[in-house]
**Q** 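Structure below; questions to follow.
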Amino acid sequence: MSNSVLFFEPIFKEKIWGGNKLRDFGYDIPSDKTGECWAVAAHPNGQSIVKNGQFKGQTLGELWENHREIFGGIQGEKFPLLVKIIDAHEDLSVQVHPRDDYARENENGELGKTECWYILDCDKEAKLVYGINAKNKEELDEMIDQGRWADLLQSTPIKKGDFFYVPSGTVHALKAGTLVLEIQQNSDTTYRLYDYDRRDQQGNLRELHIEKSKDVIEVPFKNRQYELEVQNIEGMTKTRLIQSEYFTVEKYEINGYSDVENNTPFTLCSIIQGEGKIKIGEEEYHVTKGDHFMITSEVKKYNLQGNFAMVISHV
Ligand SMILES: [Zn+2]
């Protein structure tokens with residue numbers, strides 16, 4: 001059996017802010033408070049399990065340990081990426097993630113966390129928190145200490161198809177009514193800066209990490225929104241979402257039949273709409289909305305057919 005394409009079993013995480021929109025991907029979610037689908041993960045808090053082929057039943061982490069050849073033999077102690085779908089039924093806390101060096105020193109060797117968001121869907125007037133207004137460190141600390149959140153936080157209206165690059169150090173929050181595909185460095189380190197003073201059913205506030213947040217927030221904020229690069233080729237519209245030091249992310253909208261050259265160590269794919277086929281030589285896989293899979297380094301060329309959209313990422 002070949003190792004060309006590995007499909008993964010999704011992992012679900014219930015969250016106080018979660019909802020039930022992940023059902024629209026055909027998932028059997030545990031409750032109406034399901035906040036995250038970990039689609040491709042090799043982290044102690046969630047390990048994707050392979051659904052097909054000779055590696056069926058193994059975790060992505062095990063494959064990374066023992067079969068580095070299917071990842072093009074690239075170096076690194078940890079699998080570098082984590083792909084999630086997030087259903088924010090309620091506002092998420094305002095947060096920031098550390099850089100690699102800070103996380104390594106202060107979080108038991110964790111990686112930093114740069115992430116990005118593709119907005120799969122959102123409510124009509126939906127917004128998110130992206131960036132801050134403080135001009136320097138002194139002003140930042142003062143605004144935080146005085147709880148001047150409305151002055152500090154930048155709020156941005158969003159619509160379906162928008163894309164945000166969120167480097168470590170960027171203050172951010174998803175807000176209610178937002179469904180997002182998130183691609184990030186393989187890390188689970190979050191510093192909670194502000195939680196809208198919400199209390200849980202027992203009347204408790206959630207823990208905040210004010211000092212660590214102050215340490216890692218980039219000030220002044222640099223807005224990294226930019227014009228996306230769109231390319232029309234035969235059978236497909238290709239949109240470059242981001243090319244950064246941690247990952248490259250693209251959207252492929254297939255309409256018909258398209259050949260793709262593959263020269264990356266591995267490619268993570270998430271079908272976000274429609275259905276179709278992926279063909280590699282004689283092998284053929286049916287793919288549909290909600291599928292997540294990895295194309296291994298063995299594949300030098302593949303063919304996409306049908307009417308669907310997928311977001312691909314690689315290092
Ligand atoms: Zn985040």
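Just so you know, ligand 1 is whichever comes first in the structure, and atom 1 is the first atom listed for that ligand.
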**Q** Starting from the Zn ion (ligand 1), look over the N/O/S atoms of H172 and name the nearest one.
**A** NE2
**Q** Would you call the rings of Y130 and F221 parallel, tilted or perpendicular if under 30° counts as parallel and over 60° as perpendicular?
**A**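 Y130 and F221: perpendicular rings.
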**Q** Is a salt bridge present between D24 and K21, judged by a nitrogen-to-oxygen distance below 4.0 Å?
**A**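 Looking at D24 and K21, the cut-off is not met.
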**Q** Is any side-chain heavy atom of N133 closer than 4.5 Å to a side-chain heavy atom of L152?
**A**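 N133 vs L152: side chains apart.
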**Q** Among the N/O/S atoms of E115, which is closest to the Zn ion (ligand 1)? Give the atom name.
**A** OE2
**Q** When you measure from the Zn ion (ligand 1) to the N, O or S atoms of Q95, does any of those distances fall below 2.8 Å?
**A**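 Under 2.8 Å: Q95 contacts the Zn ion (ligand 1) through an N, O or S atom.
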**Q** Quick one: does NZ or CZ of K78 land under 6.0 Å from the six-membered ring centre of W64, within 45 degrees of the ring axis?
**A** no
